[in-house]
Amino acid sequence: MPKINGNEIRPGYVIEHQGGLWAAVKVQHVKPGKGGAFAQVELKNLIDNRKLNERFRSAETVERVRLEQKDYQYLYENDGMLTFMDNENYEQIELSREWVGERAAFLQDGMKVTVESHEGRAIGISLPDQVVLEVTETEPTVKGQTAASSYKPALLSNGLRTMVPPFVTTGEKVVIDTNEVTYLRRAD
């Protein structure tokens with residue numbers, strides 16, 4: 001694994017630290033008046049999601065870990081296990097719904113996802129940033145209500161709730177941001 005200096009750590013880098021794999025979430029470079037410069041790094045453990053704040057001096061070296069990224073297609077869920085297929089060799093892998101987390105609600109048949117792994121072990125999954133969902137329940141639009149007024153609650157076809165503008169009605173398809181679970185626009 002390539003070694004990098006502590007001041008070369010950037011957000012998104014994965015490093016080996018204290019015997020585990022950590023992703024750099026935030027990095028702040030500090031140059032104090034006295035003493036050497038250092039990077040203040042907020043790390044997130046990729047296995048158990050613990051957070052850690054560490055200081056890395058520019059003279060220190062850390063091991064940068066390269067993750068393997070592979071595209072898969074989502075097939076189905078069975079007993080809390082999500083099945084994905086490798087489009088190149090048609091091999092299937094299963095990941096627990098609990099491991100995928102809240103974003104599993106956005107999975108749709110045939111959706112392409114990217115699974116990150118290290119030494120054959122899945123440690124991360126990336127979903128598309130946007131999905132199209134149907135509004136299954138929302139309050140009717142009140143005549144005379146302006147679009148500038150506050151958003152109203154809506155239930156989406158995947159069971160999640162979000163806020164939508166007053167003009168959106170039940171049965172409409174909308175584009176949702178999967179990272180923030182927020183309404184973006186009406187679907188085309």
Side-chain angles (χ1 to χ4, degrees), residues 10-14 21-27 42-51 67-88 90 92-118 121-188:
R10 301 281 179 267
Y13 279 21
V14 175
L21 292 178
W22 299 81
V25 181
K26 291 182 189 158
V27 180
E42 184 182 313
L43 297 167
K44 181 179 161 202
N45 188 295
L46 293 177
I47 307 303
D48 61 18
N49 287 332
R50 279 182 300 144
K51 290 222 166 138
L67 299 177
E68 299 143 39
Q69 293 188 327
K70 197 162 201 175
D71 290 337
Y72 286 87
Q73 183 179 358
Y74 173 67
L75 297 179
Y76 59 87
E77 179 177 1
N78 186 20
D79 289 335
M81 295 303 285
L82 306 169
T83 302
F84 300 88
M85 180 181 70
D86 181 331
N87 286 331
E88 290 176 17
Y90 306 109
Q92 295 181 6
I93 62 166
E94 286 189 330
L95 301 172
S96 81
R97 183 181 185 93
E98 187 180 303
W99 182 82
V100 174
E102 296 170 359
R103 297 184 72 216
F106 291 112
L107 288 170
Q108 298 172 351
D109 290 348
M111 178 182 278
K112 190 176 122 187
V113 301
T114 302
V115 176
E116 291 184 319
S117 59
H118 179 255
R121 178 181 180 182
I123 58 170
I125 185 167
S126 300
L127 275 61
D129 290 332
Q130 301 173 0
V131 294
V132 174
L133 293 168
E134 186 178 330
V135 174
T136 55
E137 189 182 298
T138 191
E139 299 159 13
T141 305
V142 177
K143 196 170 175 72
Q145 190 174 19
T146 63
S149 70
S150 62
Y151 279 31
K152 61 184 182 179
L155 182 65
L156 302 170
S157 54
N158 66 353
L160 292 179
R161 294 188 175 278
T162 191
M163 301 298 281
V164 296
F167 56 79
V168 173
T169 59
T170 299
E172 264 191 90
K173 292 199 181 299
V174 293
V175 179
I176 300 293
D177 179 318
T178 59
N179 300 305
E180 305 288 328
V181 193
T182 54
Y183 167 89
L184 295 172
R185 64 185 179 279
R186 283 177 163 154
D188 299 333

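Keep in mind the model is a prediction, meaning the values are calculated, not measured.
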Nearest 0.5 Å please: distance from the [atom1] atom of [X] over to the [atom2] atom of [Y].
| X | Y | atom1 | atom2 | result |
| --- | --- | --- | --- | --- |
| Leu133 | Thr162 | CG | OG1 | 10.0 Å |
| Arg161 | Thr138 | CZ | OG1 | 9.5 Å |
| Lys51 | Lys44 | NZ | NZ | 6.5 Å |
| Leu46 | His118 | CG | NE2 | 10.0 Å |
| Leu21 | Arg121 | CG | CZ | 8.5 Å |
| Met163 | Tyr183 | CE | OH | 13.0 Å |

task = Step by step, work out the side-chain contact (heavy atoms from CB on, under 4.5 Å) result for Asp86 and Lys70.
result = CA-CA 8 Å; Asp86 181 331; Lys70 197 162 201 175; 2.8 Å; yes
Sidechain N-carboxylate O distance under 4.0 Å for Glu139, Lys152 = no
message = Counting neighbours of CG on Asp48 that are heavy atoms of other residues, nucleotides or ligands and sit closer than 6.0 Å, is the number greater than 12?
response =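 Enclosed.
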query = Should Ile176 and Leu156 count as side-chain neighbours, where that means a heavy-atom distance under 4.5 Å?
reply =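 Touching, per the 4.5 Å side-chain cut-off.
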key: Side-chain touch Asp71/Val113, heavy atoms, less than 4.5 angstrom   =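 No, side chains not in contact.
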query = Between Phe84 and Leu75, does a side-chain contact (heavy atoms from CB on, under 4.5 Å) hold up when you go through it step by step?
reply = CA-CA 5 Å; Phe84 300 88; Leu75 297 179; over 6 Å; no
query = Checking side-chain contact (heavy atoms from CB on, under 4.5 Å) for the pair Trp99/Ile125: CA distance, chi angles, key distance, verdict?
reply = CA-CA 10 Å; Trp99 182 82; Ile125 185 167; 4.2 Å; yes
key: All salt bridge (Lys or Arg N to Asp or Glu O under 4.0 Å) counterparts of Arg97, not counting sequence neighbours   =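 Only Glu77 meet the salt bridge (Lys or Arg N to Asp or Glu O under 4.0 Å) criterion with Arg97.
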task = Using the side-chain contact (heavy atoms from CB on, under 4.5 Å) rule, pick out the option among Asp188, Val131, Leu184 that qualifies with Val175.
result =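 Single side-chain contact (heavy atoms from CB on, under 4.5 Å) partner of Val175 among Asp188, Val131, Leu184: Leu184.
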Closest heavy-atom pair and its distance - [X], [Y]:
| X | Y | value |
| --- | --- | --- |
| Glu172 | Thr169 | OE2-N, 2.8 Å |
| Ser157 | Thr136 | CA-CG2, 3.6 Å |
| Ser150 | Pro166 | O-CG, 3.9 Å |
| Leu43 | Ala24 | CD2-CA, 3.9 Å |

Pair up each side-chain donor or acceptor in residues 100-112 with any protein partner under 3.5 Å, not counting sequence neighbours, and list the distances.
residue	atom	partner	partner atom	Å
Arg103	NE	Thr178	O	3.4
Arg103	NH2	Thr178	OG1	3.0
Arg103	NH2	Asn179	OD1	3.2
Gln108	NE2	Val132	O	3.2

Gln73 vs Gln92, side-chain contact (heavy atoms from CB on, under 4.5 Å): CA-CA, chis, key distance, verdict = CA-CA 9 Å; Gln73 183 179 358; Gln92 295 181 6; over 6 Å; no
